[in-house]
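The figures here come from the full heavy-atom set of this structure, side chains too, leaving out hydrogens, waters and symmetry mates.
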Amino acid sequence: MSNYSSEDINIVVDSAPQGILGTFVPGQTVSGKVIYTPRGQVDINHVVIICKGINYTKITESNGNTSSTYREKIILFRDLDTIFRGPHTIPAGTYEWPFRFELPVRTDYSRKPRRKDEQYQLGDQDLPPTFKLASSNPEADVTYKLKVKVNPGNFIHTTTRTKELPVWCLSRIPLKPPVPLDSFSEGNGRFKSNSLRPTQHTFKEKMRHAFTSDATLRTPEINISVRFKMPRCVSATQYMPIELACKHTISGQNDPECPELVLDGCTFSLNTYTNVRAKGTGCDHHKSKKNTVVGHSIRGSQTLLPLDGSFVPIWEPIRLADMTSHPHNLVPSFRTWTIAMCYKMVVKIRIRHVQTGHIWKLESKFPFEILPGEVEVPAYSKQPTSSVEAGPSALYPPQLSSENQASSSSAAPPEFREDLAPPSYNSGDVWRTEPSSKRAY
C-alpha cells in the first residue's frame, strides 16, 4: 500500500474564474485534468471525480455537565464522472485524465417546514456563495469542491484528493445609489464651554451671571447635527462615494456664528449577523453569531466643513475590498434553508473644533447588503473599473497552477470500452507509458 498516496494525485483547473474576486460563478463550466503519479506499480479498478456543493451546520448545546450536538448536511448538487475504469495494473509514471463539469445555476432541497422558517429561504433558490463561519459554535459553511477517488479494488482503501472551488454568483440587479440616513447620527452634538467666549468675564460679570438669567452672560455653545451618506447595497469591489453633512444651529446670542469644524477621522465597522439552525429530535435548534469582518479608519482632513447641512465628500471613493486585508470575508448576503447571513454597518465619526480642539463623537448604524458582484460599473461610481480582474487573485490560491506540474510527455491510460474486456490484475497484459507499449483492451 506504500504506492497509494493522496500526494500522488493532483487536480488542475484550467477554467479561469469569471468572478471579479477570483471566484467561479453558477452556470460556469469548470474543466481541467487529474494528474496521477504513482511511485510504483499499482492496481486500479477505477478513477472517479466528483463535483459537489454542501451546506453544513452544527450546533452544540450545553446543559450542566452534558452537551448535545445537532448537525444538518444538505447536498446542493453532486455530479460524478468516471474518468478511468479498469481493472488495470499500471507501472510508476505520470497519467492524466481530463474532466469537465458545469456548475448549476439553482438548487432545490425538500426540507420539512419548521418554526422560524421566515428567517431562512426555502424551496428552489440560487446557489449560495462559498461561506465559512469563523466560530466553533455554531459551525456553518457552504463549500464547493472537486474530489478525486482512485479505487484499487473492493478490499483496499480508496485514495482521495480534494480541491475547493470558491463560488460567488454575479448580481444583475441595478445597484442603488447612495442615500442619506433617515435620521441624524447618534451622539451628543452640543459643546458648551467658557472657552468659546472671545473674552473672559470679569469677576463682577461672573457674579452677576451666577445670580441672574441675563442672556448676554450665558455660556456659549456649539450645537451641531450630522448626517452620513453612503451606498447601502454594494459589491466588495465597487467604489463607494462617502459624504457627510454638518448642520450648525445657533441657540443663543453668545454662540459662535461660524465655528471652524473639520473632520478628525472616521471609522467603519462592518458586522455580520448569522442565524444557524440544525435538525434535532422533533424540532430545530437555533443559534446566532456576530462577527466583525471590516474594521477600517480614514484619517481626518483640514478642510473646513460647511455648516448649512449640505453634503460634501469626506474621502475619495473607496471599496470594501480596500478596507480589509481579508476580502474573502466579504461574502455576499445570502439565505439558505439553514443559514441566514446579513450585515450591519457602524460608522463612528469624529468632528473637531479647530480653536479649542474639542471633538464630537457621533455614530451611525444601518443595515448593509453586499452583492455578489456587479456586471457593470454603476453610473454613480466616479472611479474606473476595479483593478481586481477575473481569475487568480490574492483572494484565493491560483486556480491555474498545480502543486506538482505534470511532465510534458504525460499520456493517458486507455479509455474504458464496454465492448472490449480489460485485462485482469497482474495478467501481464498491462498498459505502459512507453511509446511502443501495448494498449491492452
Side-chain angles (χ1 to χ4, degrees), residues 174-193 195-198 218-235 238-270 294 296-320 322-323 343-369 371 374 377-384:
L175 304 182
K176 299 178 182 179
V179 293
L181 294 179
D182 297 332
S183 59
F184 291 97
S185 300
E186 301 174 356
N188 186 7
R190 304 183 69 175
F191 170 51
K192 190 173 185 179
S193 174
S195 61
L196 297 174
R197 299 182 186 277
R218 289 181 179 175
T219 303
E221 73 173 11
I222 300 176
N223 187 9
I224 64 171
S225 56
V226 172
R227 300 184 74 188
F228 187 76
K229 184 179 181 181
M230 72 180 295
R232 323 280 172 75
C233 181
V234 297
S235 71
Q238 178 202 349
Y239 285 95
M240 303 180 295
I242 299 173
E243 301 178 5
L244 187 71
C246 184
K247 177 71 174 178
H248 173 238
T249 303
I250 297 177
S251 57
Q253 62 187 48
N254 293 336
D255 296 347
E257 291 187 4
C258 296
E260 295 182 348
L261 307 179
V262 296
L263 179 68
D264 187 67
C266 188
T267 301
F268 299 87
S269 297
L270 185 61
V294 166
H296 180 75
S297 298
I298 60 176
R299 60 180 180 270
S301 170
Q302 298 303 316
T303 304
L304 296 180
L305 296 173
L307 305 177
D308 59 356
S310 59
F311 282 96
V312 293
I314 62 174
W315 196 255
E316 292 296 325
I318 191 171
R319 307 177 306 168
L320 289 176
D322 298 327
M323 294 184 178
Y343 289 95
K344 179 179 287 187
M345 179 71 80
V346 180
V347 182
K348 296 182 179 180
I349 305 162
R350 300 186 307 277
I351 295 179
R352 177 168 51 85
H353 183 228
V354 175
Q355 284 73 22
T356 64
H358 176 76
I359 294 179
W360 288 268
K361 296 181 180 180
L362 304 144
E363 186 176 273
S364 297
K365 301 177 182 178
F366 48 93
F368 200 85
E369 181 181 1
L371 295 178
E374 69 275 16
V377 177
Y380 64 81
S381 176
K382 300 179 181 179
Q383 297 290 333

Q: Check L305 against V262 and note the closest heavy-atom contact, atom names and distance.
A: CD1-C, 4.1 Å

Q: Do M345 and L320 pass the side-chain contact (heavy atoms from CB on, under 4.5 Å) test, and can you show the C-alpha distance, the side-chain angles, and the key distance before you say yes or no?
A: CA-CA 11 Å; M345 179 71 80; L320 289 176; 4.3 Å; yes

Q: Quick one: does H248's side chain get under 4.5 Å of I222's, heavy atoms only?
A: yes

Q: Do D264 and W360 come within less than 4.5 Å of each other through their side chains, counting heavy atoms only?
A: no

Q: Take F191 and T356, measure what side-chain contact (heavy atoms from CB on, under 4.5 Å) needs, and give me the verdict at the end.
A: CA-CA 11 Å; F191 170 51; T356 64; 3.7 Å; yes

Q: Could you state the interatomic distance from NZ (K344) to OG (S269), rounded to the nearest 0.5 Å?
A: 12.5 Å

Q: Would you say F268 and I298 make side-chain contact, with heavy atoms under 4.5 Å?
A: yes

Q: Is there a side-chain contact between I351 and I359, using heavy atoms and a 4.5 Å cut-off?
A: no

Q: To the nearest 0.5 Å, what is the distance between CZ on R352 and OG on S301?
A: 9.5 Å

Q: Flag the pair K365 and E363 as a salt bridge only when some basic side-chain nitrogen lies within less than 4.0 angstrom of an acidic carboxylate oxygen.
A: yes

Q: Out of I349, I242, T303, which one pairs with I314 under the side-chain contact (heavy atoms from CB on, under 4.5 Å) rule?
A: I242

Q: As a quick check of understanding, evaluate side-chain contact (heavy atoms from CB on, under 4.5 Å) for M230 and F366, giving each step before the final call.
A: CA-CA 10 Å; M230 72 180 295; F366 48 93; 3.6 Å; yes

Q: What pairs with F184 under side chain to side chain contact (heavy atoms under 4.5 Å, CB included), at least two apart in sequence or on another chain?
A: S225, R227

Q: Is L244 close to V226 at the side-chain level, that is, under 4.5 Å between some pair of heavy atoms?
A: yes

Q: Test your reading of the model: is there a side-chain donor-acceptor pair from D255 to the backbone of S251, 3.5 Å cut-off?
A: yes

Q: Can you find a pair of side-chain heavy atoms, one from K361 and one from K348, that are under 4.5 Å apart?
A: no

Q: Could you tell me which residues satisfy ring pair (Phe, Tyr, Trp, His ring centres under 6.0 Å) with H296, sequence neighbours excluded, listed by chain and number?
A: none

Q: State, with a plain yes or no, whether a side-chain heavy atom of P259 is found less than 4.5 Å away from one of L307.
A: yes

Q: Minimum heavy-atom separation for N254 to P220, with atom names?
A: O-CB, 3.2 Å

Q: Would you say S364's side chain and V347's backbone share a donor-acceptor pair under 3.5 angstrom?
A: no

Q: With rounding to the nearest 0.5 angstrom, report the CD1 to CG distance, I224 to L362.
A: 5.5 Å

Q: Do side-chain atoms of N223 reach the backbone of T249 as a donor and acceptor pair under 3.5 angstrom?
A: no

Q: Can you list the steps and then say if M323 with L270 is a side-chain contact (heavy atoms from CB on, under 4.5 Å)?
A: CA-CA 10 Å; M323 294 184 178; L270 185 61; over 6 Å; no

Q: State, with a plain yes or no, whether a side-chain heavy atom of V294 is found less than 4.5 Å away from one of F368.
A: no

Q: Would you call E221 and K192 a salt bridge, using N to O less than 4.0 angstrom?
A: no

